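Worksheet: one structure, shown below.
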Amino acid sequence: MRILVLNGSPRPNGNTVHMIKAFREGAISSGHQVDVIDVCKKKVGGCIACEHCHTEGKGECIQKDDMQEIYELLKKAEMLVLASPIYYHGMSGQLKCVIDRFYAVAYPVKPTGLKKIAMILSSGNEDMYDGALFSFKGDFLDFLGLEDMGVFTAHGEENGSDAKLAELRRFGESLKDA
């Protein structure tokens, strides 16, 4: 299975990155291909609501920036993993910007190969996930109809713990083809 992980953390050695690495190791060990995009290192402009993508653009965004790379990988992906630290009860702004740009290629119909989604979240407190979960459920489970493969969270002392990283590695290992 081809898996696209969108890393919304700007910290190159932060908790989110360690969680992604553990998941990726497990998935690769089970024969899956995993592409990880560090969205904070990309130049991606916000959606400008011009509707070019749904009129003369026929699904193509008028903006030509690093989102083009993500669009290509999204077309090939069978599973999407959104990974982010929690900022003010939601995903990082950089990841949210990328998700907003899905409008061109995923609304009103998802890419044909995309079937599954999971989320990996890191925070300092266990009561901080509401905004990210709202988007996960509303945008990806309900609207796009993707299969929920799980939400994995770490807060406080769980961040970076051997137990949490082992859980994510096992999750990656357990994945079956789409």
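Everything numeric in this text was worked out from a predicted model, so none of it was measured.
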Could you check whether Y107 and F102 have their ring centres less than 6.0 Å apart? no
For I48 and Q63, run side-chain contact (heavy atoms from CB on, under 4.5 Å): C-alpha distance rounded to whole Å, both residues' side-chain angles, the deciding distance at 0.1 Å, then the answer. CA-CA 9 Å; I48 58 175; Q63 297 184 78; 4.2 Å; yes
Can you measure from [atom1] ([X]) to [atom2] ([Y]) and round to the nearest 0.5 angstrom?
| X | Y | atom1 | atom2 | value |
| --- | --- | --- | --- | --- |
| L80 | R2 | CG | CZ | 13.0 Å |
| E158 | H155 | CD | NE2 | 4.5 Å |
| N7 | L82 | CG | CG | 11.0 Å |
| Q94 | S84 | CD | OG | 8.0 Å |
| L4 | E78 | CG | CD | 11.5 Å |
| K42 | Q68 | NZ | CD | 12.0 Å |

Using the ring pair (Phe, Tyr, Trp, His ring centres under 6.0 Å) criterion, which residues pair with [X]? Sequence neighbours excluded.
| X | value |
| --- | --- |
| F140 | none |
| H89 | none |
| F134 | none |

Main-chain N/O of [Y] paired to [X] side chain as donor or acceptor, under 3.5 Å:
| X | Y | value |
| --- | --- | --- |
| D65 | G45 | yes |
| K164 | T153 | yes |
| H32 | L175 | yes |
| D38 | P10 | no |
| S92 | G8 | yes |
| E25 | G172 | no |
| S122 | P85 | no |

Heavy-atom count check: over 12 atoms from other residues, nucleotides or ligands less than 6.0 Å from R101 CZ? yes
With respect to V39, which candidate in I99, V44, V98 satisfies the side-chain contact (heavy atoms from CB on, under 4.5 Å) definition? V98
